[in-house]
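Below is one structure, written out as structure tokens; comments come after it.
Numbering starts at 1 and runs along the sequence shown. We use all heavy atoms of the structure for the numbers below, so side chains are in, but hydrogens, waters and symmetry mates are not.
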Amino acid sequence: MADEKTMTGEEILKKYDKESNTMEYTGVMAKFVSALAITFSVFQLYTALFGVLDAQLQRAVHLGFGLALSFLLYPALKSWRRDKLHPLDAILAILGAAAPAYMVIQYRELILRAGLPTTEDVIIGAMGILLVIEAARRVVGIPMVCVVLFFIAYAFAGPYLPGLLAHRGLTIDQFVSHVYYTTEGIFGIPLGVSSTFIFLFILFGAYLEGTGLGKFFIDVANAIAGWASGGPAKVAVLSSGLMGTVSGSSVANVVGTGSLTIPMMKKLGYHKDFAGAVEAAASTGGQLMPPVMGAAAFLMAEFVGIPYVEIVKAAVIPAFLYFMGVWLGVHFEAQRNNLKGIPRDELPKISEILRERGHLAIPLVVIVYLLVSGYTPMRAALVAIFLSILVSAIKKSTRMKPAEIIKGLENGARNVLGVLVACAAAGVIIGVVTKTGVGLKLASGLLQLTQGMLLPSMFLTMVTAIILGMGVPTTANYVITSTIAAPALLQMGVPILAAHMFVFYFGIIADVTPPVALAAYAGAGISGGNALKTGVNASKLAIAAFIIPYMFVLNPELLLVDGVTGGLILSLFTALVGMVALSSSLIGFLAAPMNFFERIILGAGGLMMIKPGLATDIAGVAIFAAILFLQLKRR
């Protein structure tokens, strides 16, 4: 594959992030779309303040706004003009609003005749399903649509399938009634979470972006790590981790921080393929960072049935281990190539940054405090939204003007479309799974294939999650993997939270796993490097993400689940030593350059520390100590 030319951040977003490739209207049409988006945000804020509507009504209004905006903002074909509304898009936008509106208007009648749809119900329901699929094609991408169509085909092909996958099959009426008119399909949990928690957190993120918090994070990271060995690469890791606390997209994170950090890395001496890989691996890890976790944390809380704050607490140690793994890979690469940091006199001073813009981080601190204190995510997000506007007014340099506050409402509505449409499309998959029972059938088949052995089952579940996660946004890939892949682990006695976190991690890491690797392609677009090589390097740096899920399934203490302090400290120590061993073996440098056999032995020692157990931990630490001794002696 030939090296790609260096592209601007906007070009990269439009090429690799479907959600950013929107229409660019002017005049009356631009004002109309803005007004519609602002109305959407106002509706969401109103229901959050004064009480949400009945579940199906809230979700129907949410979907109606979402479909209308999706068809107005995302053209059907790439070749169509971006400054003029096509008549087909106008028609689809009207139908996109009308199909969910039918549910609102006919709400009482639909409840009374539940399970017995009229011909009119079936026609409008089928139209609604098709509109969701078309919106998913435009906003999310072809991979998501392919998965949805595969499950729709399975719903009707049941009687013709052999063995384990066979089922009675569904009629058109049964399929439409279940997928469109119940809370187990399109209007199920994913869209319900999107219409409440997720929208408010994305709106919160839009306001934080408007205050300049992203630049603040990069400056803080520069002040902390810019001077160290391989400084700009460590800045990329740290700033991407900070951005990940509120960001919902790996690709957007790559562009937001990478446009500054990748040129700095190349200037320092990093190869362009490695520079892009550092940003891709770090930005993908942002989806694993609490409290938002790519908006999947809210879905996980609903699916697993435990409080949201417990999900956030469980994610802390795995996210720390992941970023430590990427940081170590960067460090060893810098040591191997003798790459220095940026001179301290060229870096901003942390005291000045905090004095000038430290107040911008107050809403983040407050929202974490409120969540830990027992506030609902919706109430905490509401407080944080209003606080972000008030806090920005503390200093003139960060103050948001009235026009910017209104623009934040528009940006929040635009930013939620990718999650909204993905959740609606994922609802079609959930509807088929609940109606046919295919999730449990696949789990049973997997257990038969692996003869009930945990490690082989985990490996096949990992492969399934990575494949399902390729090219699919965070929220959608979690919904799919938790529905299809997680039941196998649950049947083997894996704790429910560990099973869901396992598939979530591997769905996310698909963003840096070739051949799709959208985050790596975005990183290569900025660096001008080879996309495939960037993806391979990013996978090596993100090795922790391939290891950590095995660690917390085998040792749930790392998720802070029923763990005693002593056991947790030992587990964390061996995990950190294992990360050092694996990262150095992949880079080929610990205290000095390593030969092939040292790398193999050290990698094996690192893997030994994955499995909890005194014997394997002692053996792994002993191997690490021996290699380190040889390295120090050689140096």
Side-chain angles (χ1 to χ4, degrees), residues 5-45 61-98 100-101 131 134-141 199 202-203 205-212 214-215 248-249 251-252 255-256 259 389 392 399-422 473 522 525-526:
K5 68 179 181 70
T6 304
M7 296 185 287
T8 65
E10 188 176 347
E11 288 173 337
I12 290 162
L13 275 175
K14 288 187 175 182
K15 183 170 183 180
Y16 298 118
D17 186 9
K18 291 281 289 185
E19 297 171 33
S20 301
N21 196 6
T22 57
M23 298 288 285
E24 298 170 358
Y25 295 117
T26 56
V28 175
M29 196 63 211
K31 292 177 182 176
F32 174 76
V33 172
S34 294
L36 186 62
I38 292 165
T39 305
F40 186 15
S41 289
V42 170
F43 164 76
Q44 293 289 159
L45 287 172
V61 175
H62 184 71
L63 181 63
F65 273 115
L67 289 179
L69 282 169
S70 295
F71 291 121
L72 291 174
L73 287 170
Y74 294 87
L77 299 174
K78 290 181 180 179
S79 58
W80 286 6
R81 289 179 58 175
R82 296 305 171 93
D83 59 349
K84 186 177 180 181
L85 180 66
H86 194 282
L88 176 62
D89 289 341
I91 293 168
L92 291 178
I94 294 169
L95 293 176
L131 288 167
E134 170 59 11
R137 183 188 72 82
R138 297 181 182 209
V139 182
V140 183
F199 188 98
I202 288 178
L203 184 59
Y207 276 115
L208 286 183
E209 184 181 344
T211 64
K215 180 68 166 58
S249 166
V251 175
V255 174
S259 56
I389 298 171
S392 74
R399 191 172 299 150
M400 297 178 72
K401 299 173 184 175
E404 291 173 326
I405 295 172
I406 294 172
K407 187 68 176 176
L409 293 173
E410 180 185 349
N411 289 339
R414 282 172 169 259
N415 293 348
V416 84
L417 294 179
V419 175
L420 185 162
V421 172
I526 297 174

ask   = Would you say the side-chain atoms of D89 pair up with the backbone N or O of L85, donor to acceptor, closer than 3.5 Å?
value = no
ask   = Can you name the closest pair of heavy atoms from A413 and L417 and give their distance?
value = O-CG, 3.5 Å
ask   = Looking at OG1 of T39 and CG of L69, how far apart are the two atoms once the value is rounded to the nearest 0.5 Å?
value = 9.0 Å
query = Going through the checks in order, is the side-chain contact (heavy atoms from CB on, under 4.5 Å) test met by L131 and F71?
reply = CA-CA 9 Å; L131 288 167; F71 291 121; 3.9 Å; yes
Minimum heavy-atom distance L203-G412, with the two atoms named = CD1-CA, 3.8 Å
query = Between L67 and P100, which heavy-atom pair has the shortest distance, and what is it?
reply = CD1-CG, 4.3 Å
ask   = Is E404 reaching over with its side chain to a backbone N or O of K401, donor-acceptor style, under 3.5 angstrom?
value = yes
ask   = Taking all atoms of both residues into account, what is the closest heavy-atom pair of A68 and A97, and its distance?
value = CB-CB, 4.3 Å
key: S41 side-chain N/O to I38 backbone N/O, donor-acceptor pair under 3.5 Å   = no
ask   = Using the benzene-type ring in the case of Trp, are the ring centres of H62 and F40 under 6.0 Å apart?
value = yes
inquiry  = Using 0.5 Å steps for rounding, measure from the OG atom of S34 to the CD1 atom of I406.
reply    = 10.5 Å
ask   = Between Q44 and F65, does a side-chain contact (heavy atoms from CB on, under 4.5 Å) hold up when you go through it step by step?
value = CA-CA 11 Å; Q44 293 289 159; F65 273 115; over 6 Å; no
key: Check: H86 main-chain N/O paired with R81 side-chain donor or acceptor under 3.5 Å   = no
ask   = Taking all non-hydrogen atoms of both residues, which atom of A76 and which atom of R137 are closest, and how far apart?
value = O-NH2, 2.9 Å
request  = Drop me the distance from T26's OG1 to K31's NZ, to the nearest 0.5 angstrom.
outcome  = 10.5 Å
note = Of all heavy-atom pairs linking P75 and W80, the shortest is CB-CB, 4.5 Å
message = Pair D83, M23 - check side-chain contact (heavy atoms from CB on, under 4.5 Å), show working.
response = CA-CA 6 Å; D83 59 349; M23 298 288 285; over 6 Å; no
remark   = Output for pair (N411 CG, I202 CD1), nearest 0.5 Å, gives 12.0 Å
inquiry  = Check whether R138 reaches the backbone of Y74 with its side chain - one donor and one acceptor, N or O, closer than 3.5 Å.
reply    = yes
query = Is a donor on one side and an acceptor on the other found under 3.5 Å between the side chain of Y25 and the backbone of V33?
reply = no
Steps toward side-chain contact (heavy atoms from CB on, under 4.5 Å) verdict (L45, L409) = CA-CA 10 Å; L45 287 172; L409 293 173; 3.7 Å; yes
inquiry  = Counting neighbours of CD on E410 that are heavy atoms of other residues, nucleotides or ligands and sit closer than 6.0 Å, is the number greater than 12?
reply    = yes
